[in-house]
Amino acid sequence: MTDGENGSVYHIAIAVKNLEEAEKLYTKAVGLKVTHRETVEDQGVKAVMLKPESKEGTAIELLEPTNDNSPISKFIEKKGEGIHHICFYVDDLEASLKVLKDEGMRLIDEEPRIGADNMKVAFVHPKSFNGVLVELAEIKKD
Ligand code: CO
């Protein structure tokens, strides 16, 4: 289930060392509910998505590395645990990527790929977004 409108924040992703502990914090102390779990071995990431009870509003995505070569391991090594990326909903991902390319922005994904929850997503390099790793996710139309 997805919601949101063009430009609204879909989720804020946080790199954590211990997913179980972090999950407890966000469910017990903040009251969020787990909506999705996924391990993406080839990216070395174990992810949990949490949302408010109504399933509306901004989600929190917790990311734990599954091995030392994971980009999440590298992130935690360099910066410690913390906010890893912000994901925005967009109406038309191809169109957004084209705008960014035309502006000479650095893209991590030149083409959309399938991310969590079968959504079309693409990452933009933090160098092109004021130091913030930005993920764009296309709003599902069905
Ligand atoms: Co994300």
Side-chain angles (χ1 to χ4, degrees), residues 1-101 103 105-142:
M1 124 115 228
T2 55
D3 55 20
E5 58 177 313
N6 188 56
S8 64
V9 175
Y10 168 24
H11 63 261
I12 296 169
I14 301 168
V16 302
K17 291 178 183 165
N18 186 321
L19 196 58
E20 216 176 299
E21 290 299 314
E23 191 182 312
K24 251 187 246 166
L25 200 64
Y26 282 92
T27 53
K28 298 216 160 80
V30 186
L32 297 178
K33 305 278 180 240
V34 173
T35 58
H36 190 77
R37 280 176 205 283
E38 195 166 350
T39 301
V40 188
E41 266 318 328
D42 65 328
Q43 288 179 46
V45 177
K46 210 164 134 186
V48 172
M49 193 73 84
L50 303 107
K51 279 203 153 197
E53 185 120 50
S54 66
K55 306 281 196 291
E56 310 245 325
T58 305
I60 295 293
E61 180 180 50
L62 301 174
L63 302 171
E64 184 196 71
T66 60
N67 64 62
D68 290 345
N69 294 320
S70 160
I72 304 300
S73 302
K74 303 249 185 303
F75 178 91
I76 291 173
E77 242 167 64
K78 254 168 78 183
K79 302 185 174 177
E81 294 182 298
I83 294 181
H84 181 262
H85 66 266
I86 298 178
C87 180
F88 294 96
Y89 282 117
V90 292
D91 282 328
D92 183 340
L93 184 53
E94 259 103 0
S96 294
L97 290 177
K98 189 180 180 311
V99 170
L100 292 167
K101 265 186 235 172
E103 293 289 323
M105 305 279 256
R106 270 174 75 180
L107 301 177
I108 293 174
D109 299 304
E110 296 274 334
E111 303 292 332
R113 61 186 171 83
I114 301 302
D117 207 11
N118 269 324
M119 292 181 82
K120 271 162 69 176
V121 302
F123 280 91
V124 187
H125 199 281
K127 286 236 155 63
S128 287
F129 249 110
N130 311 94
V132 177
L133 177 58
V134 167
E135 180 181 13
L136 303 174
E138 188 168 284
I139 299 164
K140 283 183 187 165
K141 270 117 197 159
D142 39 283

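Here the structure is a predicted model, which is why all the values come from computation and not from measurement. Ligands are counted one by one from 1 in listed order, and the atoms in each one are counted from 1 as well.
Side-chain contact of H84 with E61: a donor-acceptor pair under 3.5 Å is absent, judged by distance alone.
Using cut-offs of 30° and 60° for the angle between ring planes, the Y89 and Y10 rings count as parallel.
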Is there a side-chain contact (heavy atoms from CB on, under 4.5 Å) between T66 and E41? Walk through the geometry before answering.
CA-CA 7 Å; T66 60; E41 266 318 328; 3.6 Å; yes
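For the Co ion (ligand 1), the neighbouring protein N/O/S atoms at less than 2.8 Å, given as residue and atom, are H11 NE2, E61 OE1, H85 NE2, E135 OE1.
Distance alone, capped at 3.5 Å, is enough to place a donor-acceptor pair between the T27 side chain and the E23 backbone. With hydrogens and angles ignored, the 3.5 Å screen pairs a side-chain donor or acceptor of S73 with a backbone N or O of N67.
For E21 and K24, the salt-bridge test passes: some basic side-chain N is under 4.0 Å from an acidic carboxylate O.
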